[in-house]
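Here the structure is laid out as structure tokens; the discussion comes afterwards.
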Amino acid sequence: MYKLVARPFLFKFHPEIAHGVIFRTLKTIQAIPGGIALTKIFCGIKQKPVEVFGIKFPNPVGLAAGLDKDADAFDILGAMGFGFVEIGTVTPKAQSGNPKPRSYRLVKNHALINRMGFNNKGVEHMVKMLRKKKTNIIIGGNIGKNKVTSNDNAVTDYLICFEALFPYVDYFVLNVSSPNTPNLRELQDKEPLKHLLLSIQNVNNAKPKSKPVLLKIAPDLSNSQLDDIIEIVNETKIAGLVATNTTISRNNLSYSSSEIDAIGNGGLSGEPLKNRSTEVIKYLFQKSNGTIPIIGVGGIMSVDDAKEKLEAGAKLVQLYNGFIYEGPELIKNIVKNL
Ligand SMILES: Cc1cc2nc3c(=O)[nH]c(=O)nc-3n(C[C@H](O)[C@H](O)[C@H](O)COP(=O)(O)O)c2cc1C
């Protein structure tokens, strides 16, 4: 139904316009009395609960960060079948992100290149939205830093978002892996990363009940950088990893180099990312002897792709492009066939 009717219509528009159309529709349905309940019936997911880092998820298929950046539609997205929704990346202050156009669909490869740059309405707006939560959907809060904040002061930005969202989200993801905020990925280096994670964990552990904190990493890290990540996860005792964010690589594309160059900078996601993301998950799982819970994300476009991520060692999976290209049916099919 989605692929037959909605997708051909939506794909006539620029990705960001299509996103606006989808979100206005979702928000309208969410606001109508009975809209959430009817969506749940219509989508008809037969849940398969799973417990990971102390949270009981109704099913292991979540929405990846970046689609519901401002927490506008998590209730309705949950009703469509997602077992959890990761909102954000949110920053302390609202920011407009990079100039448009900043996202490009690569239909031949079921992919997308984006350089959004953490456009969002800020953490206070997100709190307002979370206060209106109507369902028991599990929420991950994906947090980052403002573009104007230097890396030296980044910890303060993450702490502001962490404190503001703490009462409202079930788990946290620290995003240090977006390629679209200048120098952000330097926070993945050993010393700054350790400092960031320890600062967050100090505050987290001082709470009456701490919450799972995960780190989202780039697929472009080398094996020795992944070894450092494992060491730091063990040292700081964070709950797990989200692997992976978008890649700066332009491999596995069926477009000419001039077409790709014309798009410019940005992170590539979707099918071309699938194998590298699985490789990273497998490496992390094997090197840590399966001790670190991993949320697997990157190029999951089918039931088999989801199975591949779980077999590589992921405990949960997330969709972004899979949801855009395949629609809500993909969630149902994955859950049904696991
Ligand atoms: C347009 C767009 C915006 C994104 N924004 C974010 C973001 O704000 N924070 C984040 O952690 N990941 C963001 N991502 C990355 C996704 O969460 C996901 O890691 C990536 O797209 C790989 O999954 P996929 O191949 O299923 O799309 C974004 C991806 C896209 C396509």
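Residue numbers run from 1 in the order of the sequence given. All heavy atoms count here, side chains included; hydrogens, waters and symmetry mates do not. In each ligand, atom 1 is the first atom listed, and ligand 1 is the first ligand listed. Predicted, not measured: the structure shown is a model, and the values here were computed from it.
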Test of ring centre spacing under 6.0 Å for [X] and [Y]:
{"X": "Phe166", "Y": "Phe162", "value": "yes"}
{"X": "Tyr255", "Y": "Tyr104", "value": "no"}
{"X": "Phe82", "Y": "Phe74", "value": "no"}

Close approach of [X] to ligand 1, heavy atoms, under 4.0 angstrom:
{"X": "Ser103", "value": "no"}
{"X": "Leu67", "value": "no"}
{"X": "Gly298", "value": "yes"}

Taking [X] for its side chain and [Y] for its backbone only, find out whether a donor-acceptor pair lies under 3.5 Å.
{"X": "Asp305", "Y": "Met301", "answer": "yes"}
{"X": "Asp220", "Y": "Thr247", "answer": "no"}
{"X": "Lys133", "Y": "Thr135", "answer": "yes"}

What protein heavy atom sits nearest [atom], and how far away is it?
{"atom": "atom 26 (O) of ligand 1", "result": "Tyr320 N, 3.2 Å"}
{"atom": "atom 21 (O) of ligand 1", "result": "Ser269 CB, 3.2 Å"}
{"atom": "atom 9 (N) of ligand 1", "result": "Thr89 OG1, 2.7 Å"}
{"atom": "atom 12 (N) of ligand 1", "result": "Lys216 NZ, 3.0 Å"}
{"atom": "atom 24 (P) of ligand 1", "result": "Gly299 N, 3.6 Å"}
{"atom": "atom 6 (C) of ligand 1", "result": "Gly66 CA, 3.4 Å"}
{"atom": "atom 28 (C) of ligand 1", "result": "Ala65 O, 3.8 Å"}
{"atom": "atom 30 (C) of ligand 1", "result": "Asn114 ND2, 3.4 Å"}

Stepwise side chain to side chain contact (heavy atoms under 4.5 Å, CB included) test for Met116 and Asn98: CA-CA 6 Å; Met116 306 301 285; Asn98 289 319; over 6 Å; no
Using a heavy-atom cut-off of under 4.0 Å, does the side chain or the backbone of [X] touch ligand 1, or both, or neither?
{"X": "Glu271", "answer": "neither"}
{"X": "Asn321", "answer": "both"}
{"X": "Leu273", "answer": "side chain"}
{"X": "Asn245", "answer": "both"}
{"X": "Lys69", "answer": "side chain"}

Can you confirm, on distance only, whether ligand 1 has an N/O atom lying under 3.5 Å from any N/O atom belonging to [X]?
{"X": "Asn175", "answer": "yes"}
{"X": "Leu319", "answer": "no"}
{"X": "Glu86", "answer": "no"}

When hydrophobic residues are tied together by side-chain contacts of less than 4.5 Å, even through go-betweens, does Val123 share a cluster with Val155? yes
Would a hydrophobic clustering, with Ile, Leu, Val, Met, Phe, Trp and Tyr connected at side-chain separations under 4.5 Å, put Tyr171 with Val127? no
Distance-only side-chain donor-acceptor flag, Thr89 / Asn175, under 3.5 Å: yes
What distance do Lys274 atom NZ and Asn252 atom CG have between them, rounded to the nearest 0.5 Å? 10.0 Å
Please identify which atoms of ligand 1 are closer than 4.0 Å to at least one heavy atom of [X].
{"X": "Ala64", "result": "17 (O)"}
{"X": "Val297", "result": "18 (C), 19 (O), 22 (C), 23 (O)"}
{"X": "Asn142", "result": "10 (C), 11 (O)"}

Contact summary for Asp68 and Ala73, nearest pair of heavy atoms: OD2-N, 3.1 Å
Over 60° means perpendicular and under 30° means parallel, so classify the ring planes of Phe13 and Phe9, tilted if in between. perpendicular
